[in-house]
Amino acid sequence: MNFEKFNPTLIDKKWQKYWVKNKTFKSSKVKDKPKYYCLEMFPYPSGKIHMGHVRNYTLGDVIANYKRLKGFNVLHPMGWDSFGMPAENAAIQKKLHPKDWTLENIKTMKTQLKLLGFSIDWDREISTCNDNYYTHQQKFFLDLFKKGLVYKKESLVNWDPVDNTVLANEQVIDGKGWRSGAHVIQKKLSQWFFKITAFADELDTSLNLLNEWPEKVKIMQKNWIGKSIGCELIFKVKGNSKTITVFTTRPDTIFGASFIALAVDHPISNEYNNNTEFLNFKRNCYKTGNTDEAIAKTEKLGFKTDYEVNHPFIKNKTLPVFFSNFVLMDYGTGAIFGCPAHDQRDLDFARKYKLDVIPVILPRDQVEQKYQIDDEAFTGSGTIINSDFLNNLNIDDGKSKIIEEIEKNKIGKSKTTYRLRDWGISRQRYWGCPIPIMYNQKGEVIPVSEKNLPVKLPDDVDFSIPGNPLDKNTNWKNIKCEKTGELLTRETDTLDTFVDSSWYFLRFCSSDNKKHGFLDEDVKYWMPVDQYIGGVEHAILHLLYSRFFTRAITKGTKFEIDEPFKGLFTQGMVCHKTFKNQDGEWVLPEDVIEENGKFLDKKNNQKVSIGPSESMSKSKKNVVDPQTVINLYGADAVRWFMLSDSPPERDIQWSNDGISGSYKFIQKIWAISEMIQSIDKKYKLNKSEIYSIKKSINKLIKEITYNVENFHFNVAVARFYEFINYLSKMLHENKAEIVLFKKIFKDFLILIYPFTPHIASECWEKNYGHPDISIAKWPYYDEKFIREEKINLVIQINGKKRSLLQTETDQNEDLIFRKCLELESVKKSIIDKNIIKKIYVKNKLVNIVVK
RNA sequence: GCCCUCGUGGUGGAAUUGGUAGACACAAAGGACUUAAAAUCCUUGCCGCUUGCGGAGUGCCGGUUCGAGUCCGGCCGAGGGCACCA
């Protein structure tokens, strides 16, 4: 049979136009249906969309389409994270205004996203660089200011010397800036901070409620917040009135203490400012560097002080006091007591300086008299020994008891500490949200009043001089107070762009409201985001900030929201082989041709070597431009490829074979659609053929529903292949009845519509006319058709497969065993042997145990 | 050093609660159709012997079980995270 091929260039455009005209994907303002909020991380408008975007938005689009067919009122919006550094870099390099560059990129990328047929409600589009977005952000800033959650402090900051700006702790990766990659230095500056630490405990404990988040992300956040429960304990220095306060999470091991270790910048260190030996030691500690790996491999070193402290619970026992390179001033109190038997670092240290190692926790399988510590500290659970009134308690009871004693004796108190630091939000940049603050001549802080918002970014800026252009724009910077006429200056720092992305999901709920960032009634209906999809690279930064900011700005409103994202899915990256020419330069895949197993650069016929497959990146040139592929194969083939083979959470390998395979499949659907229209009307199927066909579609409905619900899109794809292969076979054998085939094909089209909406819409229109498929209902399956009439029962002897037995379903045990024993292979296997046991798993298998 | 995740054919991967390992796809080989090619369709896909059958088999070693890719213990390897966090 010859049919005209499916022409994606024409058909894609046709349906994309139709969807725009009919506002197919507009979320309803009438809140009478159950809602579903599906959101993918919004893009930074860097120029063109890349394959990572395509994968991210395809995954989200399947969910959005599926939920719509399931009868939900779906919110599936899109916006632009449009403030940020690259715009300024472009301004400097290409002499373009950041605004023009950004708006141009948004235009391009929006067009490209539309080419993929994503079911986005474009009426809710937002852009963070637009003042109708950031005016609300400035209001939130002032709101947090009033709530005492914003403050300014002079502090050592992480200074990125390339970006010329401040970075938050978590934006420093391996001592380098997260964006520039430059070595970060410490600089003293007056900076604005959000008090995220006020929410440390809530952000930690609430993680337990996020049962639709990947465990991995929750663990990363937990580690970042770094909650530790313990107590402070005051040691009296022997022979004078000084005290040293330590923090410990293991107060139960106090009877095993054999030394005190201080951070080298502990206040006591000031007494050693004239001691060259100490100053050398201190310098060496700093030299080790602050990357974790460097420090981990460093030998544990100490500098012995002249001080000794009294043990708080053992009379006449004193402990030596050291400065050490493994205690940090910014955690706890900058001082610890060392219990070598039960902490590896303390043990390493004790062995080096020949200090006592007294075991105080006895493992379950050990005898107290014989128990000793060699070169490995014991950190497991056990019973307390050698510890006076704590003896025989377990660790937890020991902790409670000793804290009780400490508090009774007024030598300390129970305490919880966090690793989390406040979020520094000042950036010395132009292209960001202005901080709505002014200063008078005395340098006092004056918040901009709400009626004067937004504080708009000035357009006239000069990038020819290094540094922050806002600082040099005196027209903008210097203003007069309306009331007093006093001269004021504006804050010239702008907000970290992570602030912009910390509430955009709220803005989408009320995107057209000019007066408010969001309306309570909208947020009440739409929030939380039911499914959030994005890269794992935001596991800490964006996701933690959003959890904090949402809490902070909704605190005290009618609808307090704690968790913004109910479900989180982190997708894998798109990878591609890398190519290098003989000069070691990267070569674009599109320039590489294969000839007799050799790879050549088609520009100059030079040999090209193939490197490992890595995440697509511009710097390695291993990129494939989505636009090129869409032009060649159409949107559905690209979407299909993104969903095939690899599970969404894992990396996917881009390949030409893969995309052309997807294209063939799209053509196959089309061919089947055409064949169904020309089925021989005289042919009648027999009863078992009808049953088999009904079974195949019912099974498909069940499988697709299950696999879409569980994000197993690659498995869903495999089930579609099976079904289409089956249909194709029946049609080729002319085993087809028009009414039945039209009916099951209709269900099939609904099932595949979320994956490949263009061809599904076109086939639907050709076979079934209007109304269009986007308003169809997701089909239900009937168990009675899924049930097999006959099954192949697995027959095992001693757990090994020996035979298959075809029987009717739900047979009783006795009958099955009788039939089993008649099988030749079974007879052969049990000859001369005794049957010890017979196992029957209904409709699955029989296992005969013989000896 | 610590924490987390993952190890299944030539490749990507499937196996929903412990029950036929390798679905589906890609690649490869052979075949059909064709003057030929492309496209399409079919078969094969670890080891042994001729079909059929038998054997090994999910990183390695051991355990639990009638039965383990799946559960438990120990190792090895890869990837990701980290802050020596007391």
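In what follows, chains are A, B, ... by sequence order, proteins preceding strands, each numbered from 1. Every value quoted in this text rests on a predicted model; they were computed, and no experiment measured them.
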Using Watson-Crick or G-U wobble geometry with both distances under 3.5 Å, which nucleotide pairs with B:rC6? B:rG77
Should B:rU70 form a Watson-Crick or G-U wobble pair with both distances under 3.5 Å, which nucleotide is its partner? none
Whole-angstrom distance between B:rC42 and B:rC24, as gauged at atom P: 12 Å
Phosphate OP1/OP2 of B:rA25 contacted by A:Asn725 side-chain N/O (<4.0 Å): yes
Is any side-chain nitrogen or oxygen of A:Lys837 closer than 4.0 Å to OP1 or OP2 of B:rC66? yes
Could you check if a side-chain atom of A:Leu643 sits within less than 4.5 angstrom of a side-chain atom of A:Leu59, using non-hydrogen atoms only? yes
N/O (side chain, A:Lys577) to phosphate O (OP1/OP2, B:rU11) under 4.0 Å: no
Within the pair A:Lys664 and B:rA38, is there a side-chain N or O less than 4.0 Å away from OP1 or OP2? no
Checking only heavy atoms, does the side chain of A:Asp657 share a donor-acceptor pair with the base of B:rC26 at less than 3.5 Å? no
Aromatic rings A:Phe255 and A:Phe313: how do their planes relate, parallel, tilted or perpendicular, breaks at 30° and 60°? tilted
Work out how far the C1' atom of B:rU40 is from that of B:rG19, and round it to whole angstrom. 39 Å
Need one value for A:Lys801: base, sugar-phosphate or nothing, where a base atom within 4.0 Å counts as base even if backbone is also close, heavy atoms only. base
Is the shortest side-chain heavy-atom distance between A:Val536 and A:Met573 below 4.5 Å? no
Using a 90° cut-off around 0 for syn, call B:rG73 syn or anti. anti
Whole-angstrom distance between B:rG67 and B:rU20, as gauged at atom P: 15 Å
Under a 3.5 Å cut-off for both contacts, is B:rU44 paired Watson-Crick or G-U wobble with anything, and if yes, with which nucleotide? B:rA28
Which of these nucleotides, B:rC4, B:rA23, B:rC84, is closest to any side-chain atom of A:Phe326? B:rC84
Evaluate the side-chain proximity of A:Val846 to A:Lys838: yes if any heavy-atom separation is below 4.5 Å, no if none is. no
A:Phe323 and A:Phe303 aromatic ring geometry - parallel, tilted or perpendicular at 30°/60° bounds: tilted
A:Tyr721 side chain to A:Ser644 side chain, donor-acceptor N/O pair below 3.5 angstrom: no
If I pick the C1' atom on B:rA14 and the same atom on B:rU58, what distance separates them, to the nearest angstrom? 12 Å
How would you label the contact of A:Lys668 with the nucleic acid (heavy atoms, under 4.0 Å): base, sugar-phosphate, or nothing? sugar-phosphate
Which nucleotide in B:rC4, B:rC24, B:rC66 has an atom nearest any side-chain atom of A:Val849: B:rC66
Report the nucleotide, chosen from B:rG54, B:rC3, B:rA23, that has the shortest atom-to-atom distance to any side-chain atom of A:Arg719. B:rA23
Mind checking A:Asn714 for me? I need base, sugar-phosphate or nothing, with any heavy atom below 4.0 Å counting as a touch. sugar-phosphate
Below 4.0 Å: OP1/OP2 of B:rC6 and any side-chain N or O of A:Arg650: no
Could you give the distance separating B:rA21 and B:rG55 at their C1' atoms, to the nearest angstrom? 16 Å
Calculate the interatomic distance between A:Lys842 atom NZ and B:rG18 atom P; express it in whole Å. 20 Å
P atoms of B:rA15 and B:rG79, separation to the nearest Å: 25 Å
Can you tell me how far P in B:rU64 sits from the matching atom in B:rC72, rounded to whole Å? 16 Å
Counting only side-chain heavy atoms from C-beta out, which of B:rC66, B:rG13, B:rC4 sits nearest to A:Ser646? B:rG13
Euclidean distance for P, B:rG22 against B:rU44 (whole angstrom): 14 Å
Closest to the side chain of A:Leu845, out of B:rU16, B:rG19, B:rA25, is B:rG19
May I ask which nucleotide in the shown strands pairs with B:rG1, Watson-Crick or G-U wobble, both distances under 3.5 Å? B:rC82
What nucleotide among B:rC24, B:rG13, B:rG19 has an atom nearest to a side-chain atom of A:Pro647? B:rG13
Please confirm whether the shortest side-chain N or O distance from A:Arg250 to OP1 or OP2 of B:rC85 is below 4.0 Å. no
Could you tell me whether A:Val717 contacts a base, only the sugar-phosphate backbone, or nothing, with contacts defined as non-hydrogen atoms closer than 4.0 Å? nothing
